[in-house]
Each structure stands twice: as C-alpha cells, then as structure tokens.
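Whatever order the structure lists ligands and atoms in, that order sets their numbers, starting from 1.
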Amino acid sequence: MEVESVDPGTDPLRSIPKSPVVVLMIGMAGSGKSTFMHRMVVRLQSKQKKVYTVNLDPAVRNLAYPVNIDIRDTVNYKEVMKHFGLGPNGGIMTALNLFATKFDQVLSILGRRAESLDYVLIDTPGQIEVFNWSASGQIVCDALAVSYPTLVCYVVDTARCVKPVTFMSNMLYACSILYKTKLPFIIAFNKIDVIPHDFLKEWMEDFEKLGDALSRETSYVASLARSMSLAMEEFYSNLRSVGVSAVTGAGCEDFEKAMVEACKEFEESYVPFLLEQRRDLEAKRRAAVEEQVKSFERGLDRAKRGHQELESEDVLQLEEDVRNFSIGEHEMD
Ligand SMILES: Nc1nc2c(ncn2[C@@H]2O[C@H](COP(=O)(O)OP(=O)(O)OP(=O)(O)O)[C@@H](O)[C@H]2O)c(=O)[nH]1
C-alpha cells in the first residue's frame, strides 16, 4: 500500500481561501449530530448556500441528510472487524484510519468543488475518542485546517446534562477536543425543544452556581467536579455556545452567527499560527499517514496468520478491498 502524493490542486502551502467553511460535527452517540447536520443543510440551502456533506461514521445505518462523500462507500467496517479480529470500536477506528490514509483524495475532490461551495459539513462517529484521539482525527483535522477555514461544532444533548456531574464530564470531553484540535469551537446545546439550555449557560458563567448544584450531590466524583469547576472557567472563556433544536430549528440563527464569529477567530488567531506551522503540520500529517499504512500492513500480516483456516481468497479479497479502495462522491443536487 503506497502513500499517495499530494495533488497540486490541494497544495497545503497555498493560501487559505475564505470559503468553503468546514464544520466538523463532533458529539456523543445520540447527541443529534446527524439530525443537526440535516437541519443545517436544509436551512443553508434555503438561503441559496451551496453545502457539501461528508460522513466519516462507518457504522451509521441511516443518515438524515443527502451525503456527498461517505466512508461507507469505501471500507466495510464489519469486514474489517471480522478479518482483523476486532470489536465494534476497533473496527470503526481501523476503518477510519484506513480512510484517513487516502484523505488526499477527499482534498482533491473538495479542491475541484471549493470555488462553488459555501460550507462543507462533516459528520463523525459518536465514539468521540475514535475521532479525537486517533491518528485519523489528527490527519483529517490537519489536512482540512491548512486548506479551508475549519471549525469544530461540539453537539451536546442538553437533556443529558441535567445532572451537574454529567454536564461536567461532557465539558471535559469538550475541553479535550478543543485542546487536541486547537480549532475555533462552538458548543451546540441541542434538543432545547425538550429542555431549554439556560441552566447550562448559568453553570458556565458562574462557577458558584455549578458549585451549588454539585453540593447537592455527595459522590466522590461530585467533589472532584467541584474542585475542577473553577479551573474550567478559563476554558469556557475560549469558546462560544448556543442552544439549538435540530428538530424544530430553534437557535439555528444563533448558530450561524457563532459560525461567523468562529471564522473570524480562525482568520485572526489560527491563520497566523498556520503560516508558521504549515510545513511542520504537513510533514507531521504525512508521517502519521505513513505510520497508519505500516500499522495496517502489520495488522494484515497478523490477520493472515490468524485466519489460516479461512479461505485464502476471502483474506485476499479483503486485502484487495482495503488496499485499493478509492474515494468517490455522490453528485450534488
Ligand atoms: N427532541 C429532539 N430530538 C432530537 C433532536 N436532535 C436529534 N434528536 C433525536 O435524537 C436521536 C439521535 O439523533 P442522531 O442525529 O441520530 O444523533 P447522532 O449524534 O448522529 O447519533 P450517532 O449516529 O449514534 O452518533 C434521534 O432519535 C433524533 O431524532 C432535537 O433537537 N430534539
């Protein structure tokens, strides 16, 4: 398996255009990422914006929105699980890592489309750690951020944050994503049709209020969360949050305003950093891709040794599929 050379059309050192704006949707399973993507696609299209969508979740069954690039068209994660002897999370992670080794193909497709696009919305797996802490997440984020204004939207299920301890753990996740990606960040407190998010804003703006709520809980985790709540104030000051409902569309206007602000932040804070770091980032990304290719080869060797009882054509077919897949697109409307 060879690492592909970069298409000149996607030269990572060219200047970063103002559009399309890339939004990475990250959030726990069931938080509403796909539904929110659908809502934003419909909303933006109704304003004559050109929206392009990418699905990076190999295990999702149904998508609410029309998808242009779909990881499920490339590697079959169930086959990957079977042949590499992995569980569901390992299968998703390996499929995503494999996809990331060919992410230059996505950049080429976007490069050809970019001039006519306003937004690229990217859906990620609900197993946040699979994206955030794997090589693939790093490869995808770095590749996009050196090419287009790139933002993170962290989708949170507001109803699942009613307990202050759960809210705090959700915020710690958000914190780890912000510090890992370093990209402009918007928290979308989703499902405000079920429960308004005002109490969460209060907890973010006044750590004493969160402390009060936590003092009603007696667990060890609550006292840990209490001692962390002050430290989190600094983190909250680095992000913007809005309440939305993917189902009713409430709050979407605020979300659009937050995207405009986040783009400004990208331009003012991130682009200067990129201008200094781009060569290093690109070298790091290519090294990460090469490492993934090697790790894939090692995995295949192990799989072959472990599957001596299986039909060798089976293993060869999988090897062929995962080595030589190419990334295509579904036409836009
Ligand atoms: N009431 C309400 N339900 C919502 C909202 N957004 C999503 N849902 C529901 O929440 C459930 C999960 O939504 P999805 O969009 O599939 O969530 P996801 O984050 O993409 O989930 P994974 O694909 O598992 O990562 C579905 O039943 C949605 O209909 C919302 O704003 N309000």
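- Identified under the salt bridge (charged side-chain N to carboxylate O under 4.0 Å, His left out) test for residues 161-186, with sequence neighbours left out: none.
- Y65 is linked by a side-chain hydrogen bond (donor to acceptor under 3.5 Å, both in side chains) to D123, counting only residues two or more places apart in sequence or in another chain.
- When only modelled atom types and interatomic distance are considered, D157 and S31 share no side-chain donor-acceptor pair under 3.5 Å.
- Each of M28, A29, G30, S31, G32, K33, S34, T35, G126, N190, K191, D193, V194, S245, A246, V247 has a non-hydrogen atom positioned under 4.0 Å from some atom of ligand 1.
- Judged purely by distance below 3.5 Å, without hydrogens or angles, the side chains of Y173 and N132 never pair a donor atom with an acceptor atom.
- Residues meeting the side-chain hydrogen bond (donor to acceptor under 3.5 Å, both in side chains) test with S245, sequence neighbours left out: D193, T248.
- Aromatic ring orientation, F167 versus F189: tilted (interplanar angle from 30° to 60°).
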